[in-house]
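This is a predicted model, so every value here is computed, not measured. Chain letters run A, B, ... following the sequence lines, proteins first, then strands; residues in each count from 1.
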Amino acid sequence: MTGPHLARRAPLLALAVVALFTGLWGGLVRLGLQVDTGGVSVAEAHGPLMALGFLGTLISLERAVALGRAWAYCAPPAAAIGALLALGDAPAGLGPALLLFAGVVLVAAHVAIDRQVRSLHNAIVGLGAVTWCAAAVWWLAGADIARFAPLLAAFLVLTIVGERLELARMGGLAAGLPRLWLGAAVGALLAGLALSLPAPRLGVQVAGAGLLAQALWLARHDIARRTVRARGITRFMAVALLAGYAWLAIAGVLWIAGDATQGGGFGYDASLHAVFLGFVFSMVFAHAPVIVPAVLRVPLPYRPRFYAHLALLHASLALRLVGGGLSGDVAAWRWGGVLGEVAILLFLASSAHAVLHARRTRSRAPRSVAGAVRRRPPMSGRTDHVPDRAVR
Amino acid sequence: VSHDPRHDAPTDAPAAQEQVPGGTLGRLAAPLTPELVRTLLYEVIDPELGVNIVDLGLVYDLAVTDDGVVRIAMTLTTPGCPLGGFLEDEIRECLTQLPRVRDVSVQLVWEPPWGPERMSDVARAQLGWNR
């Protein structure tokens, strides 16, 4: 089963990684490092490369795997190639047009999922895909990237919040006030983004209130508050999630302060990276040990060393925002940015090593009855401990 | 073909592994039955929640044929969840270690839709429903 899935999906993941590396390269330029740009607008396209070229490709691939329809697999390559085309000499608008196409396919995937089982959480995730499309339309219309950067953030926030709402049901989420609260928070985010078209500053401030309200909702109702008491991979995921919620709240405050609309400067940098790095990448780190096996059908065993790249991500972002943005120390800001990129590279290296090591170990280990004997029996079958096979 | 009679009542299942005397060795020697398969499925854990798929109420039906084929009908908490393949691999790896299992077939179904009422009391307690 593993081979065909790996062969078909790994190239799509590779495209996402190319977009990621290019985006990181652009990030270094934006941090003011003297790196060769190769004559392409790598710094200008940093945001779309990271948010849509990398994360958009991953998310649309994840959704295509869930849906299991061939047409849904059009979105991931279109997202990655669209973001990469925005760099070079391709005809103007081709990159954003491909990104719009990918976003529309993702919306269609959510419509198809909704037809299978209708739910509020899927609707919220689907609204995230709509904000992706809106960002691509703005780009096609010639808007500066700074104008639609909040839309890119909203795509990722709504995707994650919808998924967390889905999981919150397992924690006994009540039907009344909690859902109203989240609905109002999502509504404020979307209304603020719509308002930002005629009134950028006020609109983003309203959207920031929506972000803050969603962060507070997550901190209050997310299942991670309970699963953080578990062990192994379950606790690792919960720690990463809870840390991300703190950054989402900080982002909300910064958006309310009005910094997210200034195209440049520390405030703009902080208000976006609190979302993209602190919230979104923490989520990526949390879910990689589950999503990589789900998409590629190869094991990515959890290792305690994963806390290293998680800790570096959050520490570097704190340095970037507090040591840099807040105190105006350019060197601290730059170091924070570079170390953030190091955290992402460390995450990739550590994950790749875990996958390769697991494949080597698995190919050597005889799949035999003896293996079953050595396996730990379930602790009454219902435990907060994930057995070795699941943790790997 | 024998079916697990408990597939319609996912909550409050007794500690299933106690039904197979002799622990892990006992399981290997025991006849291949839906009850034995169900017992082993308690070892397949949703990593994010740390709860097994039986207590989560994801397993809707399972059957075992005389020639060692295990057929499982299960759901996910949402059709947008990509973990179907991951859990299928986990189930296959778990069950194929039994010498009498020749093949494992996992079918994802969406009717009836999963809801939290399908979780067992133990799973609810584990995820803090009573706090």
Residues in ring-ring contact (aromatic ring centres under 6.0 Å, His included) contact with A/F155, at least two apart in sequence or another chain: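 A/F155 satisfies ring-ring contact (aromatic ring centres under 6.0 Å, His included) with A/W132 only.
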For A/H221, all residues meeting ring-ring contact (aromatic ring centres under 6.0 Å, His included), sequence neighbours excluded: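 ring-ring contact (aromatic ring centres under 6.0 Å, His included) check on A/H221 returns A/W181, A/W217.
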Count the heavy-atom pairs under 4.5 Å between each of [options] and chain B, then report the option with the highest count.
| options | result |
| --- | --- |
| A/V65, A/I223, A/N122 | A/I223 |
| A/V290, A/V295, A/I291, A/L173 | A/V290 |
| A/R225, A/H287, A/R63, A/E163 | A/H287 |

Side-chain (A/T234) to main-chain (B/E48) donor-acceptor, under 3.5 angstrom: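 Looks like no, no N/O pair under 3.5 Å.
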What are the two closest non-hydrogen atoms of [X] and [Y], and how far apart are they?
| X | Y | answer |
| --- | --- | --- |
| B/P82 | A/A294 | O-CB, 3.4 Å |
| A/G172 | B/W129 | N-NE1, 3.1 Å |
| B/P79 | A/A66 | O-CB, 3.6 Å |

Per-residue contact mode, A/M237 against chain B (heavy atom under 4.5 angstrom):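 Contact with chain B involves the side chain of A/M237 alone.
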Which portion of A/E62 sits near chain B, non-hydrogen atoms under 4.5 angstrom: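 Both parts, heavy atoms under 4.5 Å.
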Gap separating the [atom1] atom of [X] from the [atom2] atom of [Y], nearest 0.5 angstrom:
| X | Y | atom1 | atom2 | result |
| --- | --- | --- | --- | --- |
| A/I233 | B/I45 | CD1 | CD1 | 11.5 Å |
| B/T78 | A/H121 | OG1 | NE2 | 4.5 Å |
| A/E166 | B/T77 | CD | OG1 | 3.5 Å |

Close contacts, residues 105-115 of chain B versus chain A, judged by heavy atoms under 4.5 Å: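 Checking residues 105-115 of chain B against chain A gives B/W110, B/P113, B/W114.
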Residues from residues 104-117 of chain A approaching chain B under 4.5 Å (heavy atoms):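 The list, in residue order, reads A/I113, A/Q116, A/V117.
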Note, B/L127 side chain near A/T227 side chain (heavy atom, < 4.5 Å):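 Sidechains of A/T227 and B/L127: in contact.
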